[in-house]
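Have a look at the structure below, then the notes.
Bear in mind the structure is a predicted one, so any value in this text is a computation, not a measurement. Chain letters run A, B, ... following the sequence lines, proteins first and then strands; every chain starts at 1.
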Amino acid sequence: MARQIVGAHGHGHRKEVDPLEFEPQDQFQQRLKNLGEIAGLGHVAYPRKFVWTHTAKEVGDQFGERTAEQLTAEPVEVRAAGRIVALRPHGKAAFAHIAGGGGRLQIYVRQDVVGEETYKLFRLLDLGDIVGVSGHLFRTKTNELSVKVEKIELLSKALLPLPEKWHGLADIEQRYRRRYLDLIVNQGAREIFIRRAQIIREIRRFFDARGYSEVETPMMHPILGGATARPFVTHHNTFDMDLYLRIAPELYLKRLVVGGIDRVYEINRNFRNEGIDAIHQPEFTMLEFYQAYSDYLELMDMTEELFRGLAEKVTGSAQIKYGEQTIDFARFERLSMREAIVKYWPSAAGAAPTVAELSAEGGPGRVAGRFHTYARAHGIDSVANGTKLSDGELTGELFETIAEAHLVQPTFIYDFPTAISPLSKQKADDPSVTERFELFVAGMELANGFSELNDPFDQERRFRAQVEKGGQEAPKEVDMEYIRALAHGLPPTAGEGVGIDRLVMLLTDSHAIREVVLFPLLRAESPDAAADDASSQGSSGGSDSGGKAK
RNA sequence: AGGGGCGUAGCUCAGUGGUAGAGCAGCGGCCUUUUAAGCCGAAGGUCGUGGGUUCGAUCCCCACCGCCCCUACCA
């Protein structure tokens, strides 16, 4: 078939397409024509500067209280720039709204005020164009503060139209791919990212005020470490070496504490080559901070202070609304992991285990067995029933299965099993658990902190155990340079990581991580792939698409 | 990865086994206090892609592509 030939040679041709031939073509051409006519009137198509006195938002902020009489008695002149986001022409006059600085401002353009020439220009403007206006403020019949435009000029042409005005940009994929449109059209989207910036600013303020230094440590790691996760691998050409995109900055930050930076933090991306869902993105932002001469108990107190302060500063209250729930950052519960299992043990599963039972050797296995029997009978997800799992791993499994989803109000779960905490220090009176906690809010893990393991011998043993255990997420080799740093002496130190994206979700009442990440990862957009693929597997004979391996 | 849903005009969506409609946007006309401005007119579509069944497919079937939701792993 001819189609196949075209398909086979199609790739080269597509590159030849004029890059400015965007859909919708007819509107694009129309706007291009308008731009040409504007230039024909003697205007510069893309001028260089517009001197302004107020943003659209500032006009409302500063003069929102002025009455019509006040504005007449004491005229206010403004120069403002922004994007035309609404346009209501009425023949020889028109109303429009321009957006700027996060606010909107109505402008009123009359031919008898601006003159015929300027009005001709105005009529060539399209929705989405960026303009500068100057004029005096007044109030309309409906009492809306507006600019009676005396001068208007085009500052930049929108050759493509804005999204539909009622529904805005509803297509979720387009909202993420073309986030700029989302930001123009959806006020809520804009607010989320303004607030995200505010949250990060407050976090910096919090740590800076406590004598911390902010640092940036490598994003590309020769040896994987600091967490258990599947990595992205990349390659450096000159050194001809494979590198991992970091899964955690932990081991570098602790080197800095060894180096005498006693209080250090980093806010940056981690990369994990794992699933994508409502609370996971392959790259996500973590705050990690380390404080020498401190322990996990102190961190829990500090974390409470940080979260309460953020909620208050950002939302105005320590009690925040999250979906149907109200989450109270003024009160944090604290439960050991074993206590949480006991507390949330379902009554239908028979008598709850005791902390003592969970602490006993082989205890978690017996408890998991009981839960498994119950889950089987009720068709509920059970704990991993592997016989290979250690007591500590089973305890972690039991916690996640039984308790985690219940932790809506801020709750610290502490004393994590040593088996699942390779970087934290064991408790003095019970080596089966470590001085480690995680903070859960709305069923999500938000923070993870512990007293750092600083005994190089113990650390090396635990690293080796991880490597020997194997598995996709285990480190492949022991980071001996890190052990060497510990051998120089790491002070008793407490460290913690906080998932910034999830924190922003909470404080913006967002229920998908992609709502709080400006450009979340999506599958590459390739409209060609489908056609090419399909045409190569075309004929009815049914060669089952040998074409592309997946 | 498994299960479910969706893909029709630039946008938001109807719809039918006989190759399509509305609102908005855009275009032409009227309109000097509107805010989903209004009124009149015309235009706009390889119905995601490819194949199959059929006299005939946008609709039925299969495959593929993409997105969304749920479930499993990870923060």
Side-chain angles (χ1 to χ4, degrees), chain A residues 1 3-4 7 22-31 33-34 85-97 104 106-113 119 126-128 138-144 146 148 160-177 181 185 227-230 247-248 270 272-282 284-286 381 384 400 438 440 444-448 472-473 497-503 512-514 522-542 544-545 547-548 550:
Chain A
M1 266 185 149
R3 177 174 291 281
Q4 283 175 307
F22 291 117
E23 290 298 322
Q25 232 344 257
D26 57 333
Q27 295 193 39
F28 180 81
Q29 292 301 340
Q30 178 62 38
R31 284 162 181 254
K33 181 171 151 254
N34 291 347
V85 291
L87 194 52
R88 295 178 294 280
H90 294 264
K92 294 188 175 62
F95 285 96
H97 276 91
R104 286 176 167 226
Q106 179 165 269
I107 63 172
Y108 182 44
V109 186
R110 294 171 60 114
Q111 183 177 274
D112 60 6
V113 174
Y119 203 72
D126 293 296
L127 212 49
F138 76 110
R139 286 197 180 268
T140 62
K141 249 192 217 170
T142 55
N143 208 35
E144 178 165 350
S146 310
K148 185 168 283 179
L160 291 166
L162 289 177
E164 206 257 1
K165 70 178 172 186
W166 303 356
H167 306 87
L169 188 60
D171 183 319
I172 291 175
E173 185 186 352
Q174 292 309 320
R175 288 188 45 227
Y176 300 149
R177 286 197 195 280
L181 293 179
V185 163
T228 50
R230 292 162 65 186
I247 56 172
N270 288 341
R272 299 190 184 174
N273 204 341
E274 293 170 343
I276 295 182
D277 62 27
I279 54 170
H280 294 90
Q281 268 285 304
F284 61 102
T285 302
M286 280 273 276
D381 284 333
E400 283 175 21
E438 286 187 352
F440 291 86
M444 293 190 287
E445 182 188 333
L446 268 222
N448 176 16
Q472 270 184 313
E473 295 173 2
V498 176
I500 296 300
D501 309 281
R502 291 180 180 178
L503 176 60
I513 196 166
R514 280 186 289 197
L522 301 173
R523 227 173 281 269
E525 200 172 27
S526 61
D528 295 351
D532 288 353
D533 242 13
S535 61
S536 69
Q537 68 182 249
S539 51
S540 57
D544 50 25
S545 101
K548 281 194 178 172
K550 262 270 154 93

Open item on the list: Using the side-chain heavy atoms of A:Tyr176, tell me which of these nucleotides is nearest: B:rC68, B:rU34, B:rG26.
Closed with: B:rC68
Task: Sugar-phosphate only, base, or nothing, as touched by A:Gln106 at under 4.0 Å among non-hydrogen atoms - done: base
Task: Which atom of A:Asp501 lies closest to which atom of A:Thr285, heavy atoms considered - done: OD2-N, 2.7 Å
TODO: Output the single nucleotide from B:rC74, B:rC69, B:rU33 whose closest atom is nearest the side chain of A:Arg514.
DONE: B:rC69
Task: Test ring pair (Phe, Tyr, Trp, His ring centres under 6.0 Å) applied to A:Tyr108 - qualifying residues, sequence neighbours left out - done: A:Phe95, A:Phe138
- [ ] Rounded to whole angstrom, note down the C1' distance from B:rC60 over to B:rC47.
- [x] 15 Å
Open item on the list: With rounding to the closest Å, how many angstrom separate the P atoms on B:rU58 and B:rG17?
Closed with: 14 Å
TODO: Determine whether A:Glu445 and A:Glu400 make a side-chain contact, defined as any pair of heavy atoms from C-beta on separated by less than 4.5 Å.
DONE: no
What protein N or O atoms touch nucleotides 27-32 of chain B N or O atoms at under 3.5 angstrom, if any, and at what distances?
from, atom 1, to, atom 2, distance (Å)
B:rC31, N3, A:Gly91, N, 3.1
B:rC31, N4, A:Gly91, N, 3.4
B:rU32, OP2, A:His90, O, 3.4
B:rU32, OP2, A:Lys92, N, 3.3
B:rU32, O2, A:Arg110, NE, 2.8
B:rU32, O2, A:Arg110, NH1, 2.9
B:rU32, O2, A:Arg110, NH2, 2.6
B:rU32, N3, A:Arg110, NH2, 3.4
B:rU32, N3, A:Asp112, OD2, 3.1
B:rU32, O4, A:Asp112, OD2, 3.4

Open item on the list: Heavy atoms from C-beta onward define the side chain here; which of B:rU34, B:rA25, B:rG66 lies closest to that of A:Arg177?
Closed with: B:rG66
- [ ] Scan A:Leu446 against the nucleic acid and name what it touches under 4.0 Å (heavy atoms): base, sugar-phosphate only, or nothing.
- [x] nothing
TODO: Please state the P separation for the pair B:rC59 and B:rU8 - nearest whole angstrom.
DONE: 14 Å
Open item on the list: By the 4.0 Å heavy-atom rule, please label A:Phe138 as base, sugar-phosphate, or nothing.
Closed with: base
Open item on the list: I'd like to know if the side chain of A:Asn34 pairs up with that of A:Gln30 as donor and acceptor (distance under 3.5 Å, no hydrogens or angles considered).
Closed with: yes
TODO: Please state whether the base of B:rC68 and the side chain of A:Asp277 form at least one donor-acceptor pair under 3.5 Å?
DONE: no
- [ ] Just name whichever nucleotide pairs with B:rA72, Watson-Crick or G-U, keeping both distances under 3.5 Å, else none.
- [x] none
TODO: Identify which nucleotide among B:rU33, B:rG26, B:rC74 has an atom closest to any side-chain atom of A:His280, counting heavy atoms from C-beta outward.
DONE: B:rC74
TODO: Determine the interatomic distance between P on B:rA42 and the same-named atom on B:rG29; round to the nearest Å.
DONE: 16 Å
Task: Residue list, salt bridge (charged side-chain N to carboxylate O under 4.0 Å, His left out) with A:Arg230, at least two apart or on another chain - done: none
Open item on the list: When you measure only distances, ignoring hydrogens and angles, does the side chain of A:Glu144 come within 3.5 Å of the base of B:rU33 through a donor and an acceptor?
Closed with: no
TODO: Determine whether A:Leu127 and A:Arg31 make a side-chain contact, defined as any pair of heavy atoms from C-beta on separated by less than 4.5 Å.
DONE: yes
Task: Interatomic distance at P, B:rC61 relative to B:rU16, whole Å - done: 15 Å
Task: Close side-chain approach of A:Ile276 and A:Gln281, heavy atoms under 4.5 Å - done: yes
Task: B:rC62 to B:rU53 separation - C1' atoms, rounded to the nearest Å - done: 11 Å
- [ ] Please measure how far the P atom in B:rA9 lies from the corresponding atom in B:rG48, and state the result in whole Å.
- [x] 8 Å
- [ ] Please determine, for B:rC64, whether a Watson-Crick or G-U wobble partner exists with both distances under 3.5 Å, and give it or none.
- [x] B:rG48
